[in-house]
Number of protein chains: 2
Amino acid sequence: MSSKMTRLIDVAKLAKVSTATVSRVINNNGYVSARVKERVLKAIEELGYQPARAARFLAKSRQNFEVNILADDWVLKSITTVLDEFYSIVHKGIIDFSKNHRMNVHLRSVNSWDKNADGFLLIGGGITKELVKEVKATKKPVVLVDQYLPGLKVDYVVSDGYDGAVFAVDRLISKGLKRIVHIHGPLSHFGFRDRYDGYIATMERHGFMPKSYEFDEVSDNMSVIIDMMLRSYGKPEAIFGSNDTAAIRAMEELKLRGFKIPDDVSIVGFDDIMSASLVSPKLTTLKIFKYDLGSIAARRLFNLLMGEERHPVKISLFTQYIERESTI
Amino acid sequence: MSSKMTRLIDVAKLAKVSTATVSRVINNNGYVSARVKERVLKAIEELGYQPARAARFLAKSRQNFEVNILADDWVLKSITTVLDEFYSIVHKGIIDFSKNHRMNVHLRSVNSWDKNADGFLLIGGGITKELVKEVKATKKPVVLVDQYLPGLKVDYVVSDGYDGAVFAVDRLISKGLKRIVHIHGPLSHFGFRDRYDGYIATMERHGFMPKSYEFDEVSDNMSVIIDMMLRSYGKPEAIFGSNDTAAIRAMEELKLRGFKIPDDVSIVGFDDIMSASLVSPKLTTLKIFKYDLGSIAARRLFNLLMGEERHPVKISLFTQYIERESTI
DNA sequence: TCTAGATGTGTAAACGCTTACACACGGAGG
DNA sequence: CCTCCGTGTGTAAGCGTTTACACATCTAGA
């Protein structure tokens with residue numbers, strides 16, 4: 001309970017040496033004779049001394065860190081060309097944080113990264129277990145961003161799809177809707193799996209029958225899926241898409257077939273991409289805080305670089321339900 | 001990419017004021033005229049300035065924080081009497097961290113806490129949404145430990161039940177087991193829900209039929225549940241309990257009925273309580289890092305107290321699969 | 001008109017550590 | 001015998017903030 005913190009200078013006094021010497025012992029650099037070293041170590045032990053991290057950070061802040069951001073070509077491209085907003089915003093979050101924390105960041109492809117960097121940020125769905133293992137082998141700090149690889153114990157920063165899905169489905173149900181269909185991306189991608197699980201759990205908790213269709217952005221045709229749904233399942237009261245793209249396409253198809261949105265069918269997406277607020281009706285969705293995804297990941301890496309030696313952790317950011325016009 | 005950090009003094013120069021004034025603006029305390037405040041804000045914006053946390057920590061380290069740990073009577077008792085190891089270890093993690101960070105912590109019951117404390121740590125399954133809201137109303141930092149209340153946006157530090165369950169079930173399946181039964185506590189408790197979801201998702205991913213039974217430690221009788229399972233489901237190849245207590249009791253009942261553990265039935269628990277390694281055969285289980293649960297929560301609260309103003313986050317600690325004698 | 005407080009701003013001293021620099025000593029090589 | 005260099009240790013200058021204290025100025029009440 002006591003608030004009296006023992007400081008380096010206390011150790012120095014006890015061991016009858018200067019603060020510089022104690023520091024040398026702690027950091028194990030510079031010349032220290034065996035005799036003195038032992039005395040200092042004993043003093044540290046005796047006082048239960050632990051260095052104040054903040055002070056250490058500050059004093060060390062004269063040194064810079066080199067960090068590599070690794071991403072596959074698609075993500076890389078979407079960062080540099082701002083072709084896709086998602087990753088460029090994440091990237092901005094990283095950059096902004098780094099600027100103020102003496103980290104020099106370099107964007108690199110997954111197959112040409114610098115093994116000598118001080119730390120690594122691996123971004124996006126293209127990151128594989130193999131790559132992570134390879135990078136981990138450098139023994140340098142590693143943080144994965146917007147990608148979760150179950151079973152791999154490493155630091156993650158992701159958005160909480162489960163929580164978001166639970167919230168959205170609960171919300172729809174509270175409006176009296178029961179026939180809620182989920183259209184999701186490939187479940188092998190954890191981001192989709194997470195949202196799917198949240199959807200299923202919530203439907204079951206309320207005693208409603210879940211129904212889901214897989215839609216792969218590159219290979220599948222939404223028109224076909226909607227037809228299939230209408231035939232096999234019938235008319236839904238709401239559709240929850242595992243991302244905005246799927247939700248918007250489903251909405252278009254439904255409108256084409258004469259359904260009124262949101263009167264006949266409510267639609268909810270996930271991500272809050274730019275176009276979510278541009279389509280008509282404007283899409284209700286779960287907003288992912290992309291910028292924070294980046295800045296929190298950078299912060300985590302920074303802490304790791306500063307020698308925070310706890311075991312890896314998964315940090316999940318909550319999403320925010322943004323109610324627009326596509327839901328009753 | 002540049003490593004040149006903008007500092008408070010740079011902002012001060014640009015805005016033509018002293019560092020003290022800039023600091024006042026940032027921390028929103030002390031007197032600052034609207035005119036000057038605006039100028040400073042503009043300078044901050046222009047330079048993209050972010051305060052260096054380390055320096056801030058250090059400078060603020062003159063002040064001490066009073067923090068309250070809130071827990072229901074049962075948790076409180078298990079901390080103080082070491083009746084239950086779980087929460088006393090979590091508590092120790094908190095205490096140890098606090099000692100070196102100028103936090104004075106006070107253990108309090110959920111109905112007699114100090115509204116004037118600087119921050120709050122709410123521990124255990126007994127924490128209700130109502131309590132959290134009440135505490136949040138103080139506008140002071142709050143961190144929930146070992147309790148997750150979906151829909152409530154607040155900081156959490158929990159162990160990752162989903163990941164642990166996925167790992168355990170995958171492991172059992174890799175041994176060739178298919179008929180894996182899950183015995184779980186009340187799903188209204190998120191800790192159990194999480195593990196349940198992981199179990200279901202993994203079984204389905206492999207195309208196996210999940211089967212689960214609810215077992216409430218206080219009201220249910222394991223003997224009855226095992227009989228029911230044997231009758232309705234038949235003989236399982238493995239049982240995955242959502243905590244060690246359930247797993248151990250199931251094991252006892254199975255042994256009573258002549259099953260050999262692990263030859264006939266493999267058993268896996270969750271928690272790694274003391275007795276897990278005392279029973280015979282020793283229980284294979286997922287270890288929760290209780291001490292780190294506490295220290296990480298304390299650290300998170302500390303960061304919050306220091307004015308880290310990002311939005312709430314859920315921090316999940318990975319569990320560790322400890323293979324002992326109850327699994328083939 | 002005078003004065004006590006409220007309001008606004010600056011100066012400079014911490015905070016606890018690391019490390020550049022200075023200094024001292026002793027032995028080796030010339 | 002002198003110099004040079006490797007060792008060992010101390011002194012003190014930062015690192016980027018916050019905040020106590022000092023000092024101005026303004027406002028309101030007597």
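Convention: sequence-line order gives letters A, B, ...; per-chain numbering from 1. No experiment lies behind these values; they were computed from the predicted model shown.
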Report summary line: note: Phe57(B), atom CZ; dC15(C), atom C1'; distance rounded to Å ~ 13 Å

Query raised in the report: Would you call Lys13(B)-Asp10(B) a salt bridge at under 4.0 Å N-O?
Result: no

Report summary line: note: Arg24(A), atom CZ; dT19(C), atom P; distance rounded to Å ~ 10 Å

Requested in this report: Take the protein atom NZ of Lys37(B) and the nucleotide atom P of dT7(C), then report the distance between them rounded to whole Å.
Outcome: 14 Å

Query raised in the report: NZ/Lys314(A) to NZ/Lys153(A) distance, rounded to the nearest 0.5 angstrom?
Result: 12.5 Å

**Report entry** No-H, no-angle donor-acceptor pair, Arg35(A) side chain to dG8(D) base, under 3.5 Å
**Finding:** no

Query raised in the report: Does Arg102(A) place a side-chain N or O at less than 4.0 Å from the phosphate oxygens OP1/OP2 of dG16(D)?
Result: yes

Query - Whole angstrom value for the distance that separates C1' of dG10(C) from NZ of Lys13(B) - result: 15 Å

Requested in this report: Output the distance between atom CZ (Phe120(B)) and atom CG (Leu304(B)), rounded to the nearest 0.5 Å.
Outcome: 12.5 Å

Report summary line: note: Ile9(B), atom CD1; dA12(C), atom P; distance rounded to Å ~ 12 Å

Report task. Kindly say if Tyr31(B) contacts the phosphate of dT7(C), meaning a side-chain N or O under 4.0 Å from OP1 or OP2. Result -> yes

Query raised in the report: How about Asp146(B) and Tyr156(B): does a side-chain donor come under 3.5 Å of a side-chain acceptor?
Result: no

Query raised in the report: Given dT18(D), dA20(C), dC17(C), which nucleotide is nearest the side-chain atoms of Ala59(A)?
Result: dC17(C)

Query raised in the report: Hey, what do you get for NZ (Lys60(B)) to CZ (Phe65(B)), rounding to the nearest 0.5 Å?
Result: 6.5 Å

Report task. Report the nucleotide, chosen from dG16(D), dC15(C), dT17(D), that has the shortest atom-to-atom distance to any side-chain atom of Pro51(B). Result -> dT17(D)

Query raised in the report: Hey, which of these two, Val22(A) or Leu58(B), hits DNA chain C nearer its 5' end, going by closest nucleotide?
Result: Leu58(B)

**Report entry** OP1 or OP2 of dG8(D) under 4.0 Å from side-chain N/O of Thr21(A)
**Finding:** no

Requested in this report: Write down the distance between CG (Leu8(B)) and P (dA14(C)), rounded to a whole number of angstrom.
Outcome: 20 Å

Query raised in the report: Hey, does the side chain of Ser33(A) come within less than 4.0 Å of dT9(D)'s phosphate (OP1/OP2), counting only N and O?
Result: yes

Report task. Assign each of Arg56(A) and Ala20(B) to its nearest nucleotide of DNA chain C by heavy atoms, then name whichever residue's nucleotide is nearer the 5' end. Result -> Ala20(B)

Report summary line: Thr19(B) has its side chain closest, among dT18(C), dC21(C), dT11(C), to dT11(C)

Query raised in the report: Taking atom P of dT7(D) as reference, at what distance in whole Å does atom CG of Asn29(A) sit?
Result: 15 Å

Query raised in the report: Using a cut-off of less than 4.0 Å, is there contact between a side-chain N or O of Tyr49(A) and OP1 or OP2 of dC17(C)?
Result: yes

Query raised in the report: With a non-hydrogen cut-off below 4.0 angstrom, is Ala52(B) in contact with a base, only sugar-phosphate, or nothing?
Result: sugar-phosphate

Report summary line: Rounded to whole Å, CG of Asp10(A) lies from C1' of dC15(C) at a distance of 14 Å

